[in-house]
Amino acid sequence: MGADVGVVYSRSRTVGGWLIRASSWWDQWSHCGLLTDDGTVIEARAFAGVVETPLEEFTDRYSAHAVVRVDVPEPAAAIAWAREQIGSGYDYGAIAGIVLREPLDKPRRWQCVELVETALRMAGRPRFRRPEHRITVAQSYMVR
């Protein structure tokens, strides 16, 4: 392959974090984002949408985190595409759709794993056959 892109997985002690983990059979992670070479994380956050956060601020917000390197043919394409999404809204419909098993996602709105997996696809490495809005953080972490 080409090179790699960092994906940072995390968990928090918030009610939202607990609910996400509970819906995934208590997987260890409830959130993820793309790690850039600049030391930032591009992430989709509830109530904030897609933002770029300094890594230290990101890790301070969570009780645990891990970085996984994913080989992709075009790592710069993943980061460039993700940066184009900054300012987009959060996709609450995708979260509800996973729970309800209905396609409720909204275009140009992202939840964390949807953003990460779409960026990896844009870099030439689709990791799933199902649409990105149907992938959970737990599934994303398991496919290295």
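Atom set for the values below is all heavy atoms of this structure, side chains included, hydrogens, waters and symmetry mates excluded.
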Novice: Going from CD on E52 to CG on L34, what distance comes out if it is rounded to the nearest 0.5 angstrom?
Specialist: 10.0 Å

Novice: Before you tell me yes or no, could you show the steps for D4 and V70 under side chain to side chain contact (heavy atoms under 4.5 Å, CB included), namely the whole-Å CA-CA distance, both residues' side-chain angles and the distance that decides it to 0.1 Å?
Specialist: CA-CA 5 Å; D4 60 29; V70 178; 5.7 Å; no

Novice: What are the two closest heavy atoms between C112 and S30, and how far apart are they?
Specialist: SG-O, 4.4 Å

Novice: Go through it in stages, so that I can follow the logic: the residues are Y90 and Q111, the test is side chain to side chain contact (heavy atoms under 4.5 Å, CB included), and I'd like the CA-CA distance, side-chain angles, deciding distance and then a yes or no.
Specialist: CA-CA 6 Å; Y90 189 78; Q111 46 105 351; 3.7 Å; yes

Novice: Looking only at non-hydrogen atoms, find the nearest pair between A3 and P75 and report the distance.
Specialist: CB-CG, 3.6 Å

Novice: Can you tell me how far OG1 of T40 sits from CG of L35, rounded to the nearest 0.5 angstrom?
Specialist: 7.5 Å

Novice: Applying side chain to side chain contact (heavy atoms under 4.5 Å, CB included) to H31 and V137, what does each step give before you reach the verdict?
Specialist: CA-CA 6 Å; H31 185 61; V137 176; 5.8 Å; no

Novice: Supply the atom-to-atom distance R83 CZ to T36 OG1, rounded to the nearest 0.5 angstrom.
Specialist: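 Answer for the CZ-OG1 pair, R83 versus T36, is 5.0 Å.
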
Novice: If you take all heavy atoms of Q85 and W110, which pair is closest and at what distance?
Specialist: OE1-NE1, 3.2 Å

Novice: How many angstroms lie between atom OG1 of T136 and atom CD of E114, to the nearest 0.5 angstrom?
Specialist: 12.5 Å

Novice: Are I79 and V41 in one and the same hydrophobic cluster, where Ile, Leu, Val, Met, Phe, Trp and Tyr link if side-chain heavy atoms are under 4.5 Å apart?
Specialist: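 No.
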
Novice: If you group Ile, Leu, Val, Met, Phe, Trp and Tyr by side-chain heavy-atom gaps below 4.5 Å, do V5 and V8 land in one group?
Specialist: no

Novice: Can any side-chain N or O of R125 pair as donor or acceptor with the backbone N or O of D71 at less than 3.5 Å?
Specialist: yes

Novice: For the pair Y9 (side chain) and S140 (backbone), establish whether a donor and an acceptor sit closer than 3.5 Å, ignoring hydrogens and angles.
Specialist: yes

Novice: CZ of F58 to CD of E43: how many Å apart, nearest 0.5 Å?
Specialist: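 The CZ atom of F58 sits 5.0 Å away from the CD atom of E43.
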
Novice: Run the side chain to side chain contact (heavy atoms under 4.5 Å, CB included) check on M122 and E84 step by step: do they pass?
Specialist: CA-CA 12 Å; M122 299 305 261; E84 289 174 8; over 6 Å; no

Novice: Please work out which of the three classes, parallel, tilted or perpendicular, describes the rings of Y92 and F47, given edges at 30° and 60°.
Specialist: tilted

Novice: Check whether T59 reaches the backbone of L55 with its side chain - one donor and one acceptor, N or O, closer than 3.5 Å.
Specialist: yes

Novice: Is there a side-chain contact between L115 and W81 (heavy atoms, below 4.5 Å)?
Specialist: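 When only atoms from C-beta onward are counted, W81 and L115 do touch, with a gap below 4.5 Å.
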
Novice: Report whether V72 and V143 are members of the same hydrophobic cluster (ILVMFWY, side-chain heavy atoms less than 4.5 Å apart, transitive linking).
Specialist: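 Both belong to a single hydrophobic cluster.
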
Novice: Just to verify, which of V7, I135, T118 counts as forming a side chain to side chain contact (heavy atoms under 4.5 Å, CB included) with V113?
Specialist: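 Exactly one option meets the side chain to side chain contact (heavy atoms under 4.5 Å, CB included) with V113, and it is I135.
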
Novice: Can you give me the closest heavy-atom contact between A82 and A119, atom names plus distance?
Specialist: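 Nearest pair, atom of A82 first, then A119: CB-CB, 4.5 Å.
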
Novice: Counting neighbours of CG on D38 that are heavy atoms of other residues, nucleotides or ligands and sit closer than 6.0 Å, is the number greater than 12?
Specialist: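 More than 12 within 6.0 Å, yes.
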
